[in-house]
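Read the structure below first, then the notes.
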Amino acid sequence: MKVLRPKNITEAIGLQQETGGYYLAGGTFTMVEVNADRFHPNCLIDLSLCEELSGIAEGEQMVSVGAMTTFTEIEKNTLLGKLFPAMTKAASEVGGPQVRNRGTVGGNICAASPAADIAPALLALGAEVVVQGADGMRKIPIGEFFLAPKKNCLNANEIVKQIDIPKNGYRSAFCKVGKRNALAVSSVNMAVAGSFDGSVFTALNIAAGSCSPTPRLCPKTADSLVGKELTEDVMNAAKELLMQEISPIDDRWATAEYRRLVAQNMLEQLIGELTKEENA
Amino acid sequence: MKQMLNCIVNGESVTREIDAGMTLLHFLRDELGLTGTKEGCGEGDCGACTVIVDGISVNSCLYLAVLAEGKEILTIEGLEKDGTMHEIQQAFINHGAIQCGFCSPGMIMSVKHLLDETPKPTEEEIRRGMSGNLCRCTGYQQMVDAIMDVSGQK
């Protein structure tokens, strides 16, 4: 195996086309597969020297997070913590400190695990993925990025450059349940984001992970909570809709039944968080 | 395929020609004979392989050695100075925080990183700082006590 270290994206894409190799970000997914002998790349193209992929930049309408930003960097970023608390909370719960020090948001979404923690946060916040490849640049709404477990929508030469998150002024919250408090793959995770005027939601997104083949928005559930007083009946109806919008399975981390129950409880808890006075 | 690696390990310059696919873990253990760092799982799930690269704690089993080019690596062997244990190592010994010892090098490196970032951590911060390292023997309490002690708290 070769390891190549391009200095910029253009060089990286050229190398990928020449070698048929695979891009490497933090390695916290790829190297697991290599070590376990499940993945045998002829060539890894390390992206850590490509400066265009790093940094967090605030624009007028959105914040751009470079694809090679680590989860530790996201967790600690005060701008992201202020504008998008669901994102920093999600980042803070990935793996453990050592994993967060290397794992990147770009690498994580490309690995496309159904249980990816940052994904529901990005879905609820309406993020867009900016991608560069041999045919140029394109912007992909995060909801179109995940196709199936471990399958993203990119072609082989495309690199995630950055993730753009719109400054909607939404409140947001995130929750993860796993078999342990750390170093755990999510059994269920969920993010909510929206605007609340003190008595009703005027906008709301709900995204659930580890409950379906891909992390997924639950638009019917969210719409059912907009513009209404949040009575017990309204919440119960929303939970019913949530059950229609997720399709959990039994696997080594949880049963479908457990996921259905926890997802409903999580929905209630997160909606409660968003509507609390102190979150205004 | 062979590639050159130049880095600094425990303060000393190292230059070697290695297999490009070699992890930092195997580089330290097999190439340099620094066997303090352990392989517990090979998949970033236990922390036994933790070392510090340019001030950041990482799982060396998931870190390709060639990516350490030009970087400074600190391993458990680098904590001891002229036969004197580092205060974290001594505190672990004093508080009975070492049983089988297999998790200890990685755990101590994570603790070093924690205290470098947060010199007086709360108990919650301590447990979070250790959350990337598994111990099957101690139940962690003696480690928490050791860290409170070494950070001049309690």
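Below, read A as the first sequence line, B as the second, and so on, with proteins coming before strands; counting in each chain starts at 1.
With a 6.0 Å radius and a threshold of 12 heavy atoms from other residues, nucleotides or ligands, B:Phe102 has its CZ atom above the threshold. By the neighbour-count criterion of 12 heavy atoms within 6.0 Å, atom NZ of A:Lys82 is sparsely surrounded, having that number or fewer from other residues, nucleotides or ligands. Within a 6.0 Å radius of CD in B:Glu72, other residues, nucleotides and ligands contribute 12 heavy atoms or fewer. Crowding of B:Glu80 atom CD: a count of heavy atoms from other residues, nucleotides or ligands under 6.0 Å exceeding 12.
Interatomic distance, OG1 of A:Thr30 versus CG of B:Leu64, reported as 9.5 Å (0.5 Å rounding). Taken from CG in A:Asn181 to OG in B:Ser131, the straight-line distance is 9.0 Å, to the nearest 0.5 Å. Rounding to the nearest 0.5 angstrom, the gap separating the CG atom in B:Leu134 from the CZ atom in A:Arg180 is 5.0 Å. Here the CD1 atom belonging to B:Ile56 is positioned 8.5 Å from the CZ atom belonging to A:Arg102, to the nearest 0.5 angstrom.
When A:Gln98, A:Arg5, A:Met31 are compared by the number of non-hydrogen pairs under 4.5 Å with chain B, A:Gln98 comes out ahead. Annotation: maximal heavy-atom pairing with chain B below 4.5 Å, among A:Val34, A:Leu44, A:Asp46, occurs at A:Asp46. Chosen from B:Leu114, B:Thr23, B:Val53, B:Asn133, the residue pairing most often with chain A at heavy-atom distances under 4.5 Å is B:Asn133. By number of non-hydrogen pairs under 4.5 angstrom with chain A, the leading residue of B:Cys41, B:Gly47, B:Ser57, B:Gly129 is B:Ser57. Each of B:Met130, B:Glu69, B:Gln3, B:Arg127 has some count of heavy-atom pairs under 4.5 Å with chain A, and the biggest count is that of B:Gln3.
Proximity to chain A is limited to the side chain of B:Glu117, based on heavy atoms less than 4.5 angstrom apart. Residue contact with chain B, scored on non-hydrogen atoms closer than 4.5 Å, involves the backbone and the side chain of A:Ser92 alike. Proximity to chain A involves both the backbone and the side chain of B:Arg128, based on heavy atoms less than 4.5 angstrom apart. Within the 4.5 angstrom heavy-atom criterion, atoms from both the backbone and the side chain of B:Leu67 approach chain A.
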